[in-house]
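I have placed the structure first, in the form of structure tokens, so that the comments after it can refer back to it.
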Amino acid sequence: MHLPLDLFLALRYLRPKRTFVSLITLLSILGPTLGVAILLIVNSIMAGFGRDIQENIMNWQAPLHVFPAMGSNTIQDPGKIKDILEANGVKASPLIQDSALIQIRFKSHLGGKDENVIQPKVIYGIDPETEYHVTGVKDALLYGNFDIEEGEALVGDRFARSMGLTIGTTILIHSPARLTQNVKWEKDGQVKIEQPDEVYFPEQVKIAGIFSMGFADFDENVIFVRRDQAADLLGLDWGSATSVQGKVASPMQMDAIVAKLNEQLNGNSFFNMYRIVTWKERNQMLFGTLQVEQKLMAFLMTFILLVASFSIAATLITVVVQKTREIGTLKAVGISSWMVARIFIFQGAIIGFIGTTLGIVLGLTVLHYRDGIAAILSAILGHDVFPAELYHLNRLPALWTASDLVSVSILSMLVCISSALVPALFASALPPAKSLQDNN
């Protein structure tokens, strides 16, 4: 097969001949290779962060919550709210959520005395028979039984591992509000400690199950107990709730159902008795930050491709200078300036194609072995490069699609071809007579 003259010469000029030009040609290919690989890796990891965090949040957090809007922090009749939600096709379950202090008898492995360890946690008071309809905690159970009874609790695997907790271990739960209810401020700013009217006892529970939601904060800090036991702990009325959770069929499209529920719950009253908060509203700042970071990182990584374009331009200018006499000869025999320009545009396109292809292969390879690479880097640096406590996930995420590959490839090719325009115009503008007189 006979190639067009301009494409044939472009390939010939790029053919390695153990010269300095061949070396810088190979280095110019390395530029788009690294640029495409880094851009693909960063975009995929940032997109993976958004996907995994959203999935985990949707797994442990119901798509919508109904809270009391005014006058009280609790809903005295959550069954009524639950009935309204279920009448509109929303699966519902009452919830009590508040902070608590966990007291654990920590057994020392060094032969010392046992210690009392106190840690702040978040208590979720649930009804297991309806909770599994709205969240994925039951599916995330690793050991034990989800259907907890009075005096039983579910804890996350990270918390259990850090404190040596197993099925059957007994822990104490304290309510900070009840512990401090006898400590009050006087009008003059002095602290007054009143004599308690009743003896305070913490709630004693046994670990009945251990779960893992894949979300580090949740697995470390949340403990589930029965709702009535949580009410006892926090001094609330039996049967009450701090909110009612709801799960809809389409969490991404909730505007219509939220508007309908708001009308049925509050009617046309001037003051709303209840407020509906969706998962998007509760996590608006988190997802907004992730989107900004993803766009910012993509913008910054694009500069690597721009730097690569300068190396391509420098390579082609070097080729033009070295091939000045050949360019003069081509023009002398009737080759047009446009065809001479196309030779170097084709060179930029070929460098871009090779670099983009190698960059995609390199990027996908790194993404495939990302966990192993992270482990190696952690071993070399002596500390975890992806701590779950900081990034909230138990593994390094990644998400790429065919559209990502196409967009990165198009961007890389445009940058590489654009970088060849200046050398191409320079070559096409060389006068034949002067080029033939060049002694280089």
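Positions are given from 1, in the same order as the sequence printed here.
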Is Arg275 reaching over with its side chain to a backbone N or O of Val66, donor-acceptor style, under 3.5 angstrom?
no
Going through the checks in order, is the side chain to side chain donor-acceptor pair (under 3.5 Å) test met by Ser412 and Ser409?
CA-CA 5 Å; Ser412 176; Ser409 300; over 6 Å; no
Under a 3.5 Å distance rule, please check whether Thr242 uses its side chain to pair with a backbone N or O of Gln97 as donor and acceptor.
yes
When you measure from the side chain of Ser240 to the backbone N and O of Gln76, does any donor-acceptor pair fall under 3.5 Å?
no
Over 12 foreign heavy atoms within 6.0 Å of CD, Glu129
yes
If you look at every heavy atom in Gly125 and Ala230, which pair is closest and at what distance?
CA-CB, 3.8 Å
Report the C-alpha distance between Phe211 and Phe224 in whole Å, list the side-chain angles of each, state the deciding distance to 0.1 Å, and finish with yes or no for ring-ring contact (aromatic ring centres under 6.0 Å, His included).
CA-CA 10 Å; Phe211 61 85; Phe224 290 91; 5.5 Å; yes
More than 12 heavy atoms of other residues, nucleotides or ligands under 6.0 Å from CZ of Phe146: yes or no?
yes
Under a 3.5 Å cutoff, is there a donor and acceptor pairing between the side chains of Lys121 and Gln119?
yes
Do any N or O atoms from the side chain of Lys82 and from the backbone of Gln245 form a donor-acceptor pair under 3.5 angstrom?
no
Is it true that a side-chain atom of Ser44 and a backbone atom of Ile41 form a donor plus acceptor pair closer than 3.5 Å?
no
Does any part of the side chain of Gln229, heavy atoms only, come nearer than 4.5 Å to the side chain of Glu203, both counted from C-beta?
yes
Please check: side-chain N/O of Ser162 versus main-chain N/O of Phe159, any donor-acceptor pairing under 3.5 Å?
yes
4.5 Å side-chain heavy-atom contact, Gln264 and Asn88
yes
Arg227 (side chain) donor-acceptor with Gly239 (main chain) under 3.5 angstrom
yes
Tell me if the CD atom of Gln204 is crowded by more than 12 foreign heavy atoms within 6.0 Å.
no
Establish, from distance only, whether the side-chain atoms of Arg282 and His65 form a donor-acceptor pair under 3.5 Å.
yes
What is the minimum heavy-atom distance between Ala37 and Leu362, and which atoms define it?
CB-CD2, 3.8 Å
State, yes or no, whether a side-chain contact exists between Val122 and Asp98 at a heavy-atom distance under 4.5 Å.
no
Verify, without hydrogens or angle tests, whether Glu263 (side chain) and Lys260 (backbone) share a donor-acceptor contact under 3.5 angstrom.
no
